[in-house]
Structure formats: structure tokens, C-alpha cells
Amino acid sequence: MARTLITSALPYINGVKHLGNLAGSMLPADVYARFKRLSGDEVLLICATDEHGTPAELAAQTAGISVQAYCDEQHEIQRKAGEGFNLSFDWFGRSSSPQNAKLTQYFALKLEEAGLIEERTSKQVYSIDDGRFLPDRYVEGTCPHCEYEKARGDQCDSCGRLLDPVELKSPYSAVSGTTNLEVRETRHLFLLQSKKQDEIRNWVNASEDWPSLAKSIALKWLDEGLQDRAITRDLSWGVPVLNADGSARPGFENKVFYVWFDAPIEYIAATEEWAIANDDDWKRWWRTDEGADDVSYVQFMGKDNVAFHTVSFPVTILGSNEPWKTVDKLKAFNWVTWYGGKFSTSQKRGVFMDQALDLLPADYWRWYLISNSPEGSDAGFTWEGFQAAINSDLANVLGNFVNRITKYCVSKFDGEVPAAGEPGDAEAWMIDELQTRLPTLRRYYEQMEFRKAAAETRAIWAAGNEYLTKAEPWVKYKSDVDAAAIGVRTGLNLAALFGIIAQPIIPETAKTILDALGVPESNRSMNTGDMDDVAALLDALPHGLKVSAPPVLFSKIEDSQVELWTEQFGGGD
RNA sequence: GGUGGGGUAGCUCAGCUGGUUAGAGCGCAGGACUCAUAAUCCUGAGGUCGGGAGUUCAAGUCUCCCUCCCACUACCA
């Protein structure tokens, strides 16, 4: 059995994720995982909340609770949101888990043994009133180039220039507003990425199933020269820096590993968390010397994360000099935009996962976000586009098809799959369509071309409607009931097939359809072997099987709802 | 500034290594049908493929210049 390991970029703990976050990583990872499972692979889909770092500490401080309590709360919220969207994670872990702490410390020690870690002193802005070091972007002030007054220490939002926090005029803390700042020296562990430059380049060049986008980003970093980077921070919340014997590393008692060092390691640690919970073995997924050599590992992420996955994390993995599994294929996404701008938590622009589910069931959103996946470039979300896609694709093309054929069967054939009638021209046409379209659909999924997979899925549904027009059982019924029967039987089998191919994207509705048609779990696969014989697929339901018309699968989105939501969510302004 | 990705029918987008009359969905117009969620099916109108120059027998598809949008640019994650 082929084995596929899939990871989605870890959503940051700070707040409910919006539809753009969902569409850019977690959702396509889930769709792909579902497809691979239906294709007969053994799949492990891993995700987790990324819980360390300054934003989590500050958010907890604002909320007046401990960081641990804050993360506990937020993790649960995100877990529930994912569950609400039917994200089929085999494990949704936490980067604050003991497994991740241990593994992160382990990697750091291995890297040090390999001579890739060095202590260095650097300078950083310290806020005396806040009692903490400030990351560059938490220092704000007036831009020395354009005089913009709220420029961040790393970059000015107004003129776009990269800055150093010490360049800012009248700097202040973005945390508290205090101007009581000073530059202090601080010691950190640096990962000597420059030493791995050639090895990483060879590894990148050897990669095959990477999109050009990913490769070009990786090569760009390599061309500019990998810089050694600090992998520790002056924070209290995070993975402690320890010696091999478990004692605190001298001078690092108040420091932790940098969130970007431990976050990708959580992919592995989350698998360990999964293994513990399921009494399974995690190493067979991650250690090529312990069974992971035949695993195909696929990563999903937003474009902004590509460098971390193609360069930084590989330095950690390869630098350990141990046989860890590295990524085989990766898929990067652009952003979903909101009426031309960005989704923004702080400005309350856009729709967030929990809000979305209050409006409509998950399948509506899943379909829209996958069929409009931000693959080639940013994809704009608009209520009008959403309404059009749902009403046309789901309600009219798929929902109506299932409704018309099942209702007709119930009213004219006692709700039983008819046995009579021989296939004719219309059936031959349908078989021909499916013989080209089903392999095409599978190919798009294999290639992770999600927009195209959705479009092909829809095209197959639409072909079903076209088939019914050709077969016109309601006309034939008047003169030849057997001739009508073949149309109904084929139509019912098509409905079942439509449910099967709908499973990766709209799993709940697919289940409703397949349950209504009495298709057993074991016959819902999308495996090639099971989909090759199209003629058999169109006569798969046992003759005489009792079927029922499921309730209306999708209700249409009314103009009045679009108006309401536009007002409610500030779309269009 | 640098790097990368985009600018193709009213809208959202396909168009691989250059090759017959540039495609799809939505929307729009007309027609058909009546089993169905006023759904479905058919037909049609609609584009000087961001602008300019060049290479070529031939360019949306290659080269150069210009222009607009977006992302990334390594101590935010």
C-alpha cells in the first residue's frame, strides 16, 4: 500500500483563522488527503497550532491570563473550527507539546554536535517599561525616509523600505507605547546555515515534484547566500534551551528557541503525539532507517512559508546528520483577498472560520474555496462570486440532478433501482464522457491542481444533466417503460458516482447522497481499479435496491442574504 | 531597490516545449424541454490576449523596453 504523509502549515495560535488561511493550506491538504485515502493509500494528515512567540505572549498579557491558559483556549477554538470544516486531520497537535520540546532540544544538540551551532552576541532593542526585548517589528517610530509616523522597525508600511529599528526617529514600543527604550546586548544560539549552503543547494536541485515557484524561491535564497540565523529568543514562553544532560544551558535560563525553529519540528512531534494517542509508531513515517523510506511526503503552505520549508527546515533536518524524511512534493498557495484588499483580523476585514460556519454548512465554503483556490495568483473573495458558484455548481448542477433523478425514481419506479432496459446511444455517450473525464479528474488531483479538479468534477456533474436530456426517460415512459427504466437506472448510478467523486471536496453532502442511494462504505473508492470499468459503474447499484430522495442538498443563496452579509461583514467597502 | 507571480471575452479564470477560425464557467440574448431547487439542455452575441518594438514562414505563447497589480525580501509568524 502506498503511504502518503501530508502536513499543512501550522496555523498560528493567535486567533481564529480566516478563510484565506483555510484556503491556503489546511483545506487543500485535507482535500488531497481525502483523495489519497479514497485512492487506497495509507495517509497520515498532520497539523497543529503553532503556539510560541511574542504575539502569543502579548495576546495572553492583553487577555490577562497565562500564556498556557491562552493557548489552551485558542487551541480548542481552532480545533473546533477545523472540525467544523471537516478537516480530516489524523492529528491536530500543539507545538507546545512535551514531544515537541524534547525533539526540538534533540535537534539542537545534534546540530551542535555537527558544529552548526555557535553562540553569538547581538544587539536588540529592549523596552525597560515593558520589561522585555522587542522584535524589530514591535518597535515603531517615524520612518527616516518618508516621515511616516507609524513605521515598523523592520519595514515601513508607507514607503516599503526595509529598516533597522535603530534608524527610526522617535521610536516607541508597539506593545505599550513607551519611549523608554534602549539597545542591549544579548547572547543567542546561531544556526550556521552558511555551512550547509552547498548541501541544501544540491538537495533543492535534486528535488523533482516541486512547483517552479517553490524552487525559484529556494534558489533565490541560496543565490543570495544563506545567512546564519539566531534560533533562540529572549522570551519565557517556548522550548527551553538545555544541555545534553537536561540542565539549563548557562546564560540561556531566560531564553527559549525561536518559534520558527521549533514550529516545523512539530510536524514530526505531532506525529509522535498521534502515535502515543493511537498506540502506533511514528518513526515509520519520519525515519528512513525505520520504515519511512517508501513514504511520499507532501507539504502544503502559503507562499510566504516556502523559504522556511525549502531552506530553513531542511538545514535543521539535514544538518542533524540523521536519516530523517524530507519533503518530496510541496504545494504553495497565494492569498485569498477580500474585495481587493487583504483579509485582516485587526481591521475585521473578511470572514473567519467560525463566522462562516454560522452562516452556511462547511461544504458550501469548501467548494467555493477549492474551486477558486488561490493557485496561480491571489484569488478574490466576493459575496457575489460565492453566491454564483454555490447556486450554479452546487444547487443547480449537482443538487438538482440528484433531486430530479431520485424523485422521478420514487414517483415512477416505486423508489427501486429498475432492472429493465438495455443501454443505447445515450448511455454510450455517457460512458464515453466518463472514460475521458474520470482519468482527467484523477490526474488533476494527483497533480494537486485543485481548481481544475473542481472544474472537472463539475463538468462530470453537468454531463449527467446532459445525459438525462438525451435519455429523456420522462418522454419514453409514456410509450415504453423499459426504455425509461434504463435512463433512471443510469441516472441513479450517475448520482452515486457524482457522490463518490464529490467526497474530497464536499464530504458531508457526498455522504448524504451515497447514504440515500444505499452505497456501502466499501464501494465509495476513487481508486483507478474501481473506476476503470465505466459501464459497470453505471450499473453498479443492485437492481431492485430501495433508494430514497435525499432532502434538498443545497439551498440557494438569496440576494437578500448577500446584501445582509455584505453589510454585516463590510464587504465592498 | 531586488526576486518571483500576474495583467486573456462584462466578471472569475484555462491556454504545455510558438502553428488551423483564442477556450471554460458565470452573466447576457434567443430557443427546447417539463422529471427537477423558475432547475436542466441547445444555440448565439462578446476579446486588436496591459502598451510598444523585435525575432520568426508563423507569437497570447520567445527577446527587449514601458506601464499597472500582488507576494516575498530571512529577529511577525
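Letters A, B, ... are given to chains in the order of the sequence lines, protein chains preceding strands, and every chain is numbered from 1. The model shown is predicted, which means the values in this text are computed figures rather than measured ones.
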For nucleotides 27-29 of chain B, which of its nitrogen or oxygen atoms have a protein nitrogen or oxygen under 3.5 Å away, and what is each distance?
none

Nearest to the side chain of [X] - [options]?
| X | options | result |
| --- | --- | --- |
| A:Trp335 | B:A71, B:C76, B:A77 | B:A71 |
| A:Pro135 | B:C76, B:U73, B:A77 | B:C76 |
| A:Arg458 | B:C75, B:C26, B:U37 | B:C26 |

Evaluate the criterion side chain to side chain donor-acceptor pair (under 3.5 Å) for residue pair A:Ser173 and A:Arg132; output intermediate values, then yes/no. CA-CA 10 Å; A:Ser173 161; A:Arg132 65 188 306 143; over 6 Å; no
Rounded [atom1] spacing from [N] to [M] in Å:
| N | M | atom1 | value |
| --- | --- | --- | --- |
| B:A36 | B:G60 | C1' | 42 Å |
| B:A9 | B:A14 | P | 13 Å |
| B:G18 | B:U61 | P | 11 Å |
| B:C42 | B:C68 | C1' | 40 Å |
| B:G44 | B:G52 | C1' | 35 Å |
| B:A38 | B:C33 | C1' | 13 Å |
| B:C13 | B:G47 | C1' | 14 Å |
| B:G15 | B:U55 | P | 29 Å |

Under 4.0 Å, heavy atoms only, any strand: does [X] hit a base, just the sugar-phosphate, or nothing?
| X | result |
| --- | --- |
| A:Glu466 | sugar-phosphate |
| A:Gly399 | base |
| A:Val259 | sugar-phosphate |
| A:Ala459 | nothing |
| A:Asp154 | sugar-phosphate |
| A:Tyr477 | nothing |
| A:Gly153 | nothing |
| A:Phe554 | base |

Given B:A24, is OP1 or OP2 found less than 4.0 Å from the side-chain N or O atoms of A:Lys452? no
Within the pair A:Lys220 and B:G5, is there a side-chain N or O less than 4.0 Å away from OP1 or OP2? no
Looking only at N and O atoms, is any donor in the side chain of A:Trp221 or the base of B:A74 less than 3.5 Å from an acceptor on the other one?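 No, the side chain and the base share no sub-3.5 Å donor-acceptor pair.
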A:Lys303 NZ/CZ over A:Trp335 ring centroid, <6.0 Å and within 45° of normal: no
Any chance you could lay out the salt bridge (charged side-chain N to carboxylate O under 4.0 Å, His left out) test for A:Lys556 and A:Glu558, step after step, and finish with the verdict? CA-CA 6 Å; A:Lys556 292 197 193 181; A:Glu558 305 297 335; over 6 Å; no
What is the distance from [atom1] of [X] to [atom2] of [N], rounded to the nearest Å?
| X | N | atom1 | atom2 | result |
| --- | --- | --- | --- | --- |
| A:Asn396 | B:A38 | CG | C1' | 10 Å |
| A:Asn391 | B:A39 | CG | C1' | 11 Å |
| A:Asn334 | B:G7 | CG | C1' | 14 Å |
| A:Leu398 | B:U40 | CG | C1' | 13 Å |
| A:Asp393 | B:G25 | CG | P | 11 Å |
| A:Arg152 | B:C75 | CZ | P | 13 Å |
| A:Gln124 | B:C76 | CD | C1' | 12 Å |
| A:Lys303 | B:G4 | NZ | P | 12 Å |

A:Phe381 and A:Thr337, any side-chain heavy atoms less than 4.5 Å apart: no
May I ask you to say whether [X] pairs ionically with [Y], meaning some side-chain N is under 4.0 Å from a carboxylate O?
| X | Y | result |
| --- | --- | --- |
| A:Lys150 | A:Glu140 | no |
| A:Arg201 | A:Asp223 | yes |
| A:Glu182 | A:Arg184 | yes |
| A:Asp228 | A:Arg120 | yes |
| A:Glu266 | A:Arg94 | no |

Aromatic plane relationship, A:Phe498 with A:Phe401 - under 30° parallel, 30 to 60° tilted, over 60° perpendicular: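 Judged by the thresholds at 30° and 60°, the geometry between A:Phe401 and A:Phe498 is tilted.
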Could you state the interatomic distance from [atom1] ([X]) to [atom2] ([Y]), rounded to the nearest 0.5 Å?
| X | Y | atom1 | atom2 | answer |
| --- | --- | --- | --- | --- |
| A:Leu222 | A:Gln197 | CG | CD | 5.5 Å |
| A:Phe257 | A:Thr232 | CZ | OG1 | 7.5 Å |
| A:Thr490 | A:Leu494 | OG1 | CG | 6.5 Å |

Base, backbone or nothing for each nucleotide of nucleotides 8-13 of chain B, written B, S, -, heavy atoms under 4.0 angstrom, 5' to 3'? ----SS
Under a 4.0 Å heavy-atom criterion, the protein footprint on nucleotides 31-36 of chain B, written with B, S and -, is --SSBB
What stems, by residue range, does RNA chain B take part in, given at least 3 consecutive Watson-Crick or G-U pairs under 3.5 Å?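 In RNA chain B, stems of three or more pairs: B:1-7 with B:67-73, B:10-13 with B:23-26, B:28-32 with B:40-44, B:50-54 with B:62-66.
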Is A:Lys331 reaching over with its side chain to a backbone N or O of A:Met448, donor-acceptor style, under 3.5 angstrom?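 Flag set: sc A:Lys331 to bb A:Met448 pair under 3.5 Å.
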Does the salt bridge (charged side-chain N to carboxylate O under 4.0 Å, His left out) test come out yes or no for A:Lys196 and A:Glu199, once each step is laid out? CA-CA 5 Å; A:Lys196 302 303 279 188; A:Glu199 189 178 339; 2.5 Å; yes
Which residues pass the ring-ring contact (aromatic ring centres under 6.0 Å, His included) test with A:Phe450, sequence neighbours left out?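 Result, ring-ring contact (aromatic ring centres under 6.0 Å, His included) vs A:Phe450: none returned.
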If you look at every heavy atom in A:Cys71 and A:Trp237, which pair is closest and at what distance? SG-CZ2, 3.6 Å
Tell me whether the centres of the aromatic rings in [X] and [Y] are closer together than 6.0 Å.
| X | Y | value |
| --- | --- | --- |
| A:His52 | A:Tyr12 | no |
| A:His188 | A:Tyr258 | no |
| A:Trp365 | A:Phe386 | yes |

So which of residues 50-62 of chain A are in contact with RNA chain B, with a heavy-atom cut-off of under 4.0 Å?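 Listed by number, they are A:Asp50, A:Gly53, A:Thr54, A:Pro55.
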Syn or anti for B:G46 (syn when the glycosidic angle lies within 90° of 0):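 Syn for B:G46; the angle stays within 90° of 0.
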Hey, which sits more toward the 5' end of RNA chain B by its nearest nucleotide, A:Leu10 or A:Ser555? A:Ser555
